[in-house]
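First comes the structure, then the notes that go with it.
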Amino acid sequence: EAQVTQNPRYLITVTGKKLTVTCSQNMNHEYMSWYRQDPGLGLRQIYYSMNVEVTDKGDVPEGYKVSRKEKRNFPLILESPSPNQTSLYFCASSLNGQADYGYTFGSGTRLTVV
Amino acid sequence: GENVEQHPSTLSVQEGDSAVIKCTYSDSASNYFPWYKQELGKRPQLIIDIRSNVGEKKDQRIAVTLNKTAKHFSLHITETQPEDSAVYFCAASKGYGNNRLAFGKGNQVVVIP
């Protein structure tokens, strides 16, 4: 089944403790992206990747890192999480680097930083 | 960059009635406009999209219309059903050669049985 898989689905952590949210897609998509969703703010892009070893900042990249060593994986790294990073995170992928092929979203990761 | 706004933020409709959500965008170069539906606790899913060379597109009970001159596009849901209750996000992109999809903040649609 074609899908974008995120792990974990739920995560509670403490301020300053490094964490990684994994994202993997099995559709051979070139384009991958991370969004955070907060009430009243919609979906805001954190980072995106056009292809392996190519990443770029989105609208809210501060406090996040990403890597794209393989085509299928695009992990989101929070080196020193803070409470304002408590949010619902979605990974998304698209066939190529063009947004007009539609995004496939993962199931989301609800992160709480205390 | 592109700025996408959605109105109204919340819409309540009686089952069987029609619902219309409108989005405006700022960048006249945008030419791809998708709509995503997010049910409670689930991921956003693409339900319909339109490109700038088309004024209207339909898929069963949903349709999208585009007015490039006024820079707005709308989602129309006819004969609403309880399963249409969700948050709907519109988005805009410059399409070919561009990788950024700018989302609106979302509309909560509530269908009252």
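The sequence lines fix the lettering, A, B, ..., with proteins before strands; numbering per chain opens at 1. Side chains included, hydrogens not; waters and symmetry mates left out as well; all remaining heavy atoms used. These figures come from a predicted structure and were not determined experimentally.
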* Relative to chain A, which segment of B:Q38 carries a heavy atom at a distance below 4.5 Å: side chain, backbone, both, or neither? -> side chain
* Structure fact -> If you tally heavy-atom pairs under 4.5 Å between each of A:A92, A:G108, A:G40, A:S107 and chain B, the highest tally belongs to A:S107
* For the hydrophobic clusters of this structure (ILVMFWY residues joined by side-chain heavy atoms under 4.5 Å, transitively), does one cluster hold both B:L46 and A:Y48? -> yes
* To do: Would you mind reporting whether A:Q6 and A:F105 have side-chain heavy atoms less than 4.5 Å apart?
  => no
* Structure fact -> Bottom line for A:F90: the part with an atom under 4.5 Å from chain B's heavy atoms is side chain
* Side-chain donor-acceptor contact under 3.5 Å, B:S26 with B:E2 -> yes
* Asked: By ring-ring contact (aromatic ring centres under 6.0 Å, His included), which residues pair with B:F103, not counting sequence neighbours?
  -> A:Y35, B:Y36
* Check: A:T13 and A:L78 side chains under 4.5 Å, non-hydrogen atoms -> no
* Asked: Restricting to pairs with a member in residues 13-33 of chain B, which pass salt bridge (Lys or Arg N to Asp or Glu O under 4.0 Å), not counting sequence neighbours?
  -> B:D27-B:K94
* To do: For the residue pair A:Y31 and A:Y103, categorise the inter-ring angle as parallel (less than 30°), tilted (30 to 60°) or perpendicular (more than 60°).
  => tilted
* Best-contacting candidate, A:L88, A:D38, A:L41, A:T104, against chain B by heavy atom pairs under 4.5 angstrom -> A:L41
* To do: Please write out which residues are connected to B:L11 in a hydrophobic cluster, directly or through intermediates, given that two of Ile, Leu, Val, Met, Phe, Trp, Tyr count as joined at side-chain heavy-atom separations below 4.5 angstrom.
  => B:V4, B:V13, B:I21, B:Y25, B:F33, B:W35, B:I47, B:I48, B:I50, B:V54, B:I62, B:V64, B:L66, B:F73, B:L75, B:I77, B:Y88, B:V109, B:V111
* Structure fact -> Against chain B, residues from residues 53-62 of chain A with at least one heavy atom under 4.5 Å, in numeric order, are A:K57, A:G58, A:D59
